[in-house]
Engineer: 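Sharing a structure, written as structure tokens. Questions coming.
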Protein chains: 4
Amino acid sequence: MTAVGGIAPDILKQYIERIERLELEKMQITENIRDIFAAAKIDGFDPKVMRQVIKIRKMDAQERNEQEALLDTYQKALGMLPDFE
Amino acid sequence: MTAVGGIAPDILKQYIERIERLELEKMQITENIRDIFAAAKIDGFDPKVMRQVIKIRKMDAQERNEQEALLDTYQKALGMLPDFE
Amino acid sequence: MTAVGGIAPDILKQYIERIERLELEKMQITENIRDIFAAAKIDGFDPKVMRQVIKIRKMDAQERNEQEALLDTYQKALGMLPDFE
Amino acid sequence: MTAVGGIAPDILKQYIERIERLELEKMQITENIRDIFAAAKIDGFDPKVMRQVIKIRKMDAQERNEQEALLDTYQKALGMLPDFE
DNA sequence: AACGTTGAAATAGTTC
DNA sequence: GAACTATTTCAACGTT
């Protein structure tokens, strides 16, 4: 906790400004997403249903990744793959 | 709800994929932010304090905006400004 | 999760009814607030402005609290205050 | 909008303070509700399920009210009830 | 009266 | 596993 005292306020400031910039970018992306939902709604698609679809697709992807990881583990255990990355 | 039936699944797919791409970008930014906090922590800065600082700075900015909006509203109410923008 | 099976439906019922009563109270308060806004409007006050004023006052209070918390955190970090409360 | 100018700031202040007091009460009730959910959870009840139950009960109540209102309308139309309240 | 906007609240995820 | 943060969801409000 030595840095807080007064040694390196500039460094701290830089960290904080970088974070703030990234948070701003995040906000802008969020707005973009909102706009797309709005456009889709105008085209007759229900945003609520769309969100569900996206959620399910995400879960599917996760399962796929987990299964692949599991497969990988088995293969390594069976000497079918090298142990290192 | 006509679009959902079967007419335009392609359009829906495009909307969803655009959203998924943006959500991926958001996640990456979130990770970047996490990394910065981690780096700052290694430099001796307390993430908790950093978050408080960021929050206060954000509140300052918001409040400034609110104050200006309120002033504007008053001025309009008193006929000192045109109602349209 | 043993309680759900059939042992203590009465207890559950009591919890739920207490919550429902409180939610009813909340709704009534919300209605009271609406009524006050309406009365103020009749007296010539713009609800929009009132909401802005309330928001700014709330932000002021929050910010004061945040500032104090931040100061406290710094002081603890510098060993100027005991860590426990 | 005459009142805003400077005639009756006291009145405005009173309105705003009454609203703030009510909003505080609302917050306290919200906290009470949270506490009850927490207590119920300790007793083994799943808060998520409880919320669903409460929601369903609320919908049931609404339906009941709507049906009663409909019945009332029919009865009035058929001269089975007086038109006034 | 429906629509979009905004603010609160809950849930999920992360960190300690 | 407990606390805290962040994201998502839901409801209310103003607006058109």
Side-chain angles (χ1 to χ4, degrees), chain A residues 19 22-23 26-27 29-31 33-42 44 46-56 58-59 62, chain B residues 19 22-38 40-42 46-52 54-55 58-59 62 65-66 69 73 83-85, chain C residues 19 22-23 26-38 40-41 46-52 54-56 58-59 62 66 69 73 83, chain D residues 19 22-24 26-38 40-42 46-52 54-55 58-59 62:
Chain A
I19 291 168
L22 289 170
E23 287 188 346
K26 256 179 74 176
M27 260 189 51
I29 292 175
T30 299
E31 283 164 20
I33 292 173
R34 240 206 308 274
D35 292 344
I36 296 176
F37 273 115
K41 185 174 188 179
I42 290 173
D46 183 352
K48 208 167 181 174
V49 176
M50 288 177 69
R51 287 180 201 280
Q52 283 176 329
V53 170
I54 290 168
K55 191 182 283 183
I56 290 170
K58 198 182 291 177
M59 284 174 54
Q62 278 182 13
Chain B
I19 291 168
L22 289 169
E23 287 189 344
L24 182 63
E25 285 182 39
K26 256 180 73 176
M27 262 188 51
Q28 289 166 344
I29 291 176
T30 300
E31 283 165 19
N32 289 343
I33 293 173
R34 246 203 303 275
D35 291 345
I36 296 177
F37 273 114
K41 188 173 186 179
I42 290 173
D46 183 353
K48 203 170 185 173
V49 175
M50 290 177 68
R51 286 179 201 282
Q52 279 178 321
I54 291 168
K55 192 189 262 185
K58 198 183 292 177
M59 283 176 57
Q62 278 182 14
N65 292 337
E66 293 277 350
T73 305
D83 283 351
F84 50 86
E85 193 162 59
Chain C
I19 291 168
L22 288 169
E23 287 189 345
K26 253 180 75 176
M27 262 188 49
Q28 289 166 344
I29 291 176
T30 299
E31 283 165 18
N32 289 343
I33 292 173
R34 248 203 302 273
D35 292 344
I36 296 176
F37 273 113
K41 187 175 188 177
D46 184 353
K48 200 171 186 173
V49 175
M50 291 177 68
R51 287 181 199 281
Q52 278 178 322
I54 290 168
K55 190 189 262 184
I56 289 173
K58 197 183 292 178
M59 283 177 56
Q62 278 183 14
E66 294 278 352
T73 304
D83 284 351
Chain D
I19 291 168
L22 288 169
E23 287 188 346
L24 182 63
K26 255 180 74 176
M27 261 189 49
Q28 290 166 342
I29 292 175
T30 299
E31 283 164 20
N32 289 342
I33 292 173
R34 247 203 302 272
D35 291 344
I36 296 176
F37 274 113
K41 186 174 187 179
I42 290 173
D46 182 352
K48 208 167 181 176
V49 176
M50 288 177 70
R51 288 179 200 281
Q52 283 177 329
I54 290 168
K55 191 182 282 184
K58 197 183 290 177
M59 284 174 55
Q62 277 183 14

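Each chain gets a letter, A, B and so on, in the order its sequence line appears, and its residues count up from 1. Please read these numbers as outputs of a predicted model, since none were measured by experiment.
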Engineer: In B/S/- notation, 5' to 3', how is nucleotides 9-16 of chain E contacted by protein heavy atoms closer than 4.0 Å?
Structural biologist: SSSS--SS

Engineer: Please report the closest heavy-atom contact between D:L22 and C:I29, naming both atoms and the distance.
Structural biologist: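 Heavy atoms only, the tightest pair is O-CG2, 3.4 Å.
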
Engineer: Looking at side-chain heavy atoms only, is the closest gap between C:T73 and B:K48 below 4.5 Å?
Structural biologist: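 No. Closest side-chain heavy atoms not under 4.5 Å.
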
Engineer: Under the salt bridge (Lys or Arg N to Asp or Glu O under 4.0 Å) rule, what pairs show up with a residue in residues 22-34 of chain B, not counting sequence neighbours?
Structural biologist: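 Passing the test, one end in residues 22-34 of chain B: A:K58-B:E23.
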
Engineer: Using chain C heavy atoms and a threshold of under 4.0 Å, write down where along DNA chain F the contacts begin and end, 5' to 3'.
Structural biologist: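 The contact span of chain C on DNA chain F goes from F:dC13 to F:dT15.
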
Engineer: Mind checking salt bridge (Lys or Arg N to Asp or Glu O under 4.0 Å) for D:K41 and listing every partner two or more places apart, or none if nothing turns up?
Structural biologist: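 Result, salt bridge (Lys or Arg N to Asp or Glu O under 4.0 Å) vs D:K41: none returned.
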
Engineer: Can you tell me how far CD1 of A:I56 sits from CZ of A:R51, rounded to the nearest 0.5 angstrom?
Structural biologist: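 Nearest 0.5 Å value for the CZ-CD1 distance: 14.5 Å.
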
Engineer: Any base atoms under 4.0 Å from A:K55, or only sugar-phosphate, or nothing? Heavy atoms, all strands.
Structural biologist: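 The residue A:K55 makes sugar-phosphate contact but no base contact.
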
Engineer: When the axes are fitted on five pairs at both termini, how much does the helix from E:dA1-F:dT16 to E:dC16-F:dG1 curve, in 10° steps?
Structural biologist: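 The helix from E:dA1-F:dT16 to E:dC16-F:dG1 shows an end-to-end axis angle of 0°.
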
Engineer: Sequence neighbours excluded, which residues qualify as side-chain contact (heavy atoms from CB on, under 4.5 Å) partners of D:L24?
Structural biologist: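 With neighbours one apart ignored, the set is D:Q28.
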
Engineer: Taking atom CD of B:E66 and atom CE of B:M59, what is their separation to the nearest 0.5 Å?
Structural biologist: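 Between B:E66 CD and B:M59 CE, I get 11.0 Å after rounding to 0.5 Å.
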
Engineer: For the atom pair CZ (B:F37) and CG (B:D46), what is the distance rounded to the nearest 0.5 Å?
Structural biologist: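 Reported to 0.5 Å precision, the distance equals 10.5 Å.
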
